[in-house]
Asker: 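I am attaching a structure below and will ask some questions about it afterwards.
To find a chain, count down the sequence lines: A is the first, B the second, and so on, and within it residues start at 1.
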Amino acid sequence: MTHRYWLMKSEPEEASIDDLAAAAHQTLPWTGVRNYQARNFMRDGMKIGDGVLFYHSSCAVPGIAGLATVASTPYPDPTQFDPKSKYFDPKSTPENPRWLLVDVKLDRKTSLIPLTTLRETPELAQMQVLTRGNRLSITPVAPEHWRYITGRMLK
DNA sequence: GCCAACGTTGGC
DNA sequence: GCCAACGTTGGC
């Protein structure tokens with residue numbers, strides 16, 4: 001079975017690579033996605049075992065912080081039903097949930113590859129996450145980009 | 001804190 | 001269905 005590859009952004013103040021390492025089974029549900037394109041990637045594109053570049057965003061040194069794998073099929077994000085959650089969505093119901101997530105399991109924490117380094121790497125110039133104005137929290141990663149990052153940039 | 005980029009909302 | 005206003009993302 002051929003797997004796909006993804007880059008998933010997380011704010012380390014919410015869920016860092018260390019939080020993932022400390023979680024039960026080193027697995028966390030990817031809560032909080034409220035963008036339809038990103039949701040559709042999880043719903044329609046992801047399969048258990050797909051490779052994930054775990055990316056730290058909105059922090060001092062944004063960049064790739066670890067490798068992970070998709071660890072579940074898609075299921076409803078429970079935070080959408082919780083009025084106390086900042087991800088609460090009053091228009092969503094358990095009968096017709098709007099937002100889905102997958103579980104993500106740590107493969108390994110890596111040395112950080114800063115965003116600046118990614119941008120300086122000509123081989124990665126076409127990576128979707130690096131293209132102008134990209135704001136998606138989940139983007140597909142081309143196999144050649146995955147191979148370059150995991151094979152040549154990570155120790 | 002700024003602001004570019006882009007998604008969403010809602011009036012019409 | 002258009003599109004202006006508004007909100008959000010996320011690097012800097």
Asker: Provide, to the nearest angstrom, the distance between the CZ atom belonging to A:R39 and the C1' atom belonging to C:dT8.
Answerer: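 Answer to the nearest Å: 18 Å.
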Asker: Please state whether the phosphate of C:dT9, meaning OP1 or OP2, lies under 4.0 angstrom from any side-chain nitrogen or oxygen of A:K9.
Answerer: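 No, because none of the side-chain N or O atoms of A:K9 sits under 4.0 Å from OP1 or OP2 of C:dT9.
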Asker: Provide, to the nearest angstrom, the distance between the CG atom belonging to A:L7 and the P atom belonging to C:dT9.
Answerer: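 A:L7 atom CG is separated from C:dT9 atom P by 16 Å.
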Asker: C:dT9 P sits how many Å from A:Y55 OH, rounded?
Answerer: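 My rounded result for the distance is 15 Å.
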Asker: Which pairs, with at least one residue in residues 106-117 of chain A and sequence neighbours excluded, count as a side-chain hydrogen bond (donor to acceptor under 3.5 Å, both in side chains)?
Answerer: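 Residue pairs passing side-chain hydrogen bond (donor to acceptor under 3.5 Å, both in side chains), neighbours aside: A:D18-A:K109.
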Asker: Looking at A:F54 versus A:W30, is the centre-to-centre ring distance below 6.0 Å?
Answerer: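 Yes - the distance between ring centres of A:F54 and A:W30 falls below the 6.0 Å cut-off.
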Asker: Within the 4.0 Å limit for protein heavy atoms, which parts of nucleotides 2-7 of chain B are touched? Write it as a string from 5' to 3', B for base, S for sugar-phosphate only, - for none.
Answerer: ---BBS
Asker: For residues A:A23 and A:T27, report the shortest heavy-atom separation together with the two atoms involved.
Answerer: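 Heavy atoms only, the tightest pair is CB-O, 3.5 Å.
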Asker: What is the distance, rounded to the nearest whole Å, between atom CZ of A:R119 and atom C1' of C:dG10?
Answerer: 11 Å
Asker: By the definition side-chain hydrogen bond (donor to acceptor under 3.5 Å, both in side chains), identify the one residue from A:R39, A:R34, A:R98 that meets it with A:D77.
Answerer: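 So the option named by the test is A:R34.
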Asker: Is the distance between the ring centroids of A:W99 and A:Y75 under 6.0 Å?
Answerer: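 Here the rings of A:Y75 and A:W99 have centres that are no less than 6.0 Å from each other.
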Asker: Can you list every side-chain hydrogen bond (donor to acceptor under 3.5 Å, both in side chains) pair that touches residues 125-146 of chain A, not counting sequence neighbours?
Answerer: none
Asker: Quick check on C:dT8: is either OP1 or OP2 less than 4.0 Å from any side-chain nitrogen or oxygen of A:Y87?
Answerer: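 A:Y87 to C:dT8 OP1/OP2: no side-chain N or O under 4.0 Å.
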Asker: Rounded to the nearest Å, what distance is computed from the CD1 atom of residue A:I138 to the C1' atom of nucleotide C:dG10?
Answerer: 16 Å
